[in-house]
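Structure first, commentary second.
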Amino acid sequence: MSEKRIKNIIIIGGGTAGWMSAATLSRILKNGYANITLIESEAIGTISVGEATIPQILTFNSMLGLDENDFVKKTNATFKLGIEFVNWSQIGDSYIHPFGSYGIDMEGVAFHHFVLKENARRKARGQAQLDIEDFCIQSAAAKKDKFMRPIRAQRSVLERIVYAFQFDAVLYAKYLREFSEHHGTKRIEGKVVEAHQNSETGFVESVTLENGQNIEGDLFIDCSGFKGLLIEKTLKAGYTDWSKWLPCDRAVAIPCESVGEPIPYTRATAHKAGWQWRIPLQHRVGNGHVYCSQYMSEDEATQILIDNLDGEPIAEPRHIKFTTGHRKKFWDKNVVSFGLAAGFMEPLESTSIHLIQSGLARLMTLFPYKGIEPAEVDHFNRSTLIEYERTRDFLILHYHLTKRNDSPFWDYCRTMEIPEFLQTKMDLYRTNGRIFRDNDELFNETSWLAVFFGQKLDAQGYHPITNTVDSKEVERRLMHIFDATKQAADVMPLHWQYIKDNCRA
Ligand SMILES: Cc1cc2nc3c(=O)[nH]c(=O)nc-3n(C[C@H](O)[C@H](O)[C@H](O)COP(=O)(O)OP(=O)(O)OC[C@H]3O[C@@H](n4cnc5c(N)ncnc54)[C@H](O)[C@@H]3O)c2cc1C
């Protein structure tokens, strides 16, 4: 495709995706290896939502070499142990999808098989069922509003604490901007109005700003948001629409004042035609209602959100339209897209920031040091697509695995046809409680299990190797883990106290 060594990298957009890209590139391609320029337009602004993350962000922070307490302070962040899902299986139900894992695998068999066995025994005797959440330190701590980072304590559950962050999206971009500029990224304020392509190769050679300035580049990173300024408007990469599986296509966001101390988890509450997020930060609470415009009007969605805020609103409602799906090519010619320019799956499992991060990791692995090679571009596109599809299927599970029949929206979700990969996952669990993680799948066994358990997909069997352990012994071991988890959660400090002691903004 091109024999040219990449010297000038131009990032279009200064939202979360743009500044994550600038931070990564300026950190890795250092000592003048490449010139990194970011163009953003304050007049256009950023989407300014995207405040909940997953634990992989710790890898990103450590790659950049960030001081975590400083990062938490400057982004008004809180810690996150998982997501509480309310009203998803049926109105009145709730469960936590925690980070980390449940219990300890025994006899070479995944832990949950022992819970399934014990619950089958208890059911036969008319006894109360065990709740898998009681075997996970993240869930147990979240329910008590407790938090601490993992500590070195051999054989203690406290060694196994896994967490992420909830932060202010605007402050996050600002934080990464400072980092990137410090590491050599040049920022240009201005609106890109035109892109110029090579007449033979179609590669983008330069972009022109509203003030007439022309900026040339060898590699362009499109982080321009939903419109995909270069990847779509210039290169016409095309878009795959997934709304038949993830039908929500609107969001309304309203931050509100905090009432009470911030809790260490995000909440996702299902409503009649969508769901509401609640993300507690140090200085406010982020809220939004993601809904499907086919089943609900903007006014109704906004009213539902206002009625369900727990503090006074501190901004006017902001309305966002989107189509769930992705660019047919995430990387085309010399343009690589990240963030909303690459695609969007709704924020139900806080995956978008992670997809930017993993896309950047993939780009760095395949970085075109000697020029852009079609085989490498194809590999990038193929593996990104797999990651998107697997993530999509996990999101669909939440909608499809419901008993709700109180609205046409839930009737649609409950009865829709689902992708084969998801159907296989559900069938494997339903038959014998088995869960397999596919190679690069983002969500692990804990995640699938959390939703299967929480949304009540009954497993009709469990692994036969559990029968090699006597039932009384199974019960004894489970109770031991139950007690150890409970005691560990009891000794942890309150989340807010931990922040005050370590990283208060
Ligand atoms: C409702 C909603 C909730 C979300 N919640 C979460 C969440 O909890 N967790 C999570 O991980 N993700 C979440 N996301 C996704 C997350 O917000 C995005 O992945 C993230 O903010 C990245 O956005 P971006 O940088 O791609 O786009 P934007 O923030 O839209 O930035 C686009 C940038 O491009 C610039 N630009 C555009 N056009 C031009 C031009 N012509 N010239 C110059 N500059 C230009 C803009 O000025 C801006 O700087 C959510 C998304 C939505 C819609």
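As the structure lists them, so they are numbered: ligands from 1, and atoms in each ligand from 1. Computed from a predicted model, the values in this text were never measured in an experiment.
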If the contact criterion is a heavy-atom separation under 4.0 Å, does [X] count as touching ligand 1?
{"X": "W19", "result": "no"}
{"X": "L229", "result": "yes"}
{"X": "G190", "result": "yes"}

query = What is the minimum heavy-atom distance between R160 and S101, and which atoms define it?
reply =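 Closest pair (atom of R160, atom of S101, distance): NH2-OG, 2.9 Å.
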Please state which part of [X] comes within less than 4.0 Å of ligand 1, counting heavy atoms only: side chain, backbone, both or neither.
{"X": "A17", "value": "both"}
{"X": "W277", "value": "side chain"}
{"X": "C223", "value": "backbone"}
{"X": "E51", "value": "backbone"}

Tell me: protein heavy atom nearest [atom], and distance?
{"atom": "atom 53 (C) of ligand 1", "value": "F344 CZ, 3.5 Å"}
{"atom": "atom 44 (N) of ligand 1", "value": "S41 N, 3.5 Å"}
{"atom": "atom 11 (O) of ligand 1", "value": "I353 N, 2.8 Å"}
{"atom": "atom 34 (O) of ligand 1", "value": "G13 CA, 3.2 Å"}
{"atom": "atom 42 (N) of ligand 1", "value": "V192 N, 2.8 Å"}
{"atom": "atom 2 (C) of ligand 1", "value": "V49 CG2, 3.5 Å"}
{"atom": "atom 39 (C) of ligand 1", "value": "I44 CD1, 3.3 Å"}
{"atom": "atom 46 (C) of ligand 1", "value": "G45 O, 3.1 Å"}

request  = Fit a plane to each ring of F409 and Y295, take the angle between them on a 0 to 90° scale, and name the class: parallel (under 30°), tilted (30 to 60°) or perpendicular (over 60°).
outcome  =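 Perpendicular.
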ask   = Among side-chain atoms of N214 and S206, is any donor-acceptor pair under 3.5 angstrom?
value =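 N214 vs S206: donor-acceptor pair found between side chains.
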Look at [X] together with [Y] and state whether they make a salt bridge at an N to O cut-off of under 4.0 Å.
{"X": "E316", "Y": "R318", "value": "no"}
{"X": "E181", "Y": "K186", "value": "no"}
{"X": "R187", "Y": "E40", "value": "yes"}
{"X": "R250", "Y": "E298", "value": "no"}

Check residues 65-75 and write down every donor-acceptor pair under 3.5 Å in which the side-chain atom is one partner and the other belongs to a residue at least two apart or another chain.
residue : atom : partner : partner atom : Å
D67     : OD1  : N69     : N            : 3.0
D67     : OD1  : D70     : N            : 3.3
E68     : OE1  : Y163    : OH           : 3.2
E68     : OE2  : R149    : NE           : 2.7
E68     : OE2  : R149    : NH2          : 3.1
E68     : OE2  : Y163    : OH           : 2.7
N69     : OD1  : R149    : NH1          : 3.2
N69     : OD1  : R149    : NH2          : 2.7
D70     : OD1  : K74     : NZ           : 3.0
D70     : OD2  : K74     : NZ           : 3.4
D70     : OD2  : Y175    : OH           : 3.0
T75     : OG1  : F71     : O            : 2.8

key: H271 and Y291 aromatic centres sub-6.0 Å   =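 So the answer is no for these two rings.
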message = For ligand 1 and F322, I'd like to know whether there is a polar contact (N/O to N/O, distance under 3.5 Å).
response =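 By distance alone, the answer is no.
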query = Do any N/O atoms on A341 end up under 3.5 angstrom from N/O atoms on ligand 1?
reply =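 Not met; the criterion fails.
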inquiry  = Applying ring pair (Phe, Tyr, Trp, His ring centres under 6.0 Å) as the test, list every pair that has at least one member in residues 349-368; sequence neighbours left out.
reply    =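 Passing the test, one end in residues 349-368: F367-Y369.
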task = Take atom NZ of K425 as the centre, draw a 6.0 Å sphere, and report whether it contains more than 12 heavy atoms from other residues, nucleotides or ligands.
result =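 Yes.
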Have a look at [options] and point out the one with the heavy atom closest to [atom].
{"atom": "atom 10 (C) of ligand 1", "options": "A52, C248, A342, P347", "answer": "A52"}
{"atom": "atom 19 (O) of ligand 1", "options": "G228, S352, G50", "answer": "S352"}
{"atom": "atom 37 (C) of ligand 1", "options": "K227, H319, Q166, M20", "answer": "K227"}

query = Per the side-chain hydrogen bond (donor to acceptor under 3.5 Å, both in side chains) rule, which among E84, E51, Q166 passes with T266?
reply =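 For T266, the side-chain hydrogen bond (donor to acceptor under 3.5 Å, both in side chains) test succeeds with only one of E84, E51, Q166, which is Q166.
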inquiry  = At less than 4.0 angstrom from any non-hydrogen atom of G339, what atoms of ligand 1 do you find?
reply    =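 Taking each heavy atom of G339 in turn, ligand 1 has 26 (O) under 4.0 Å.
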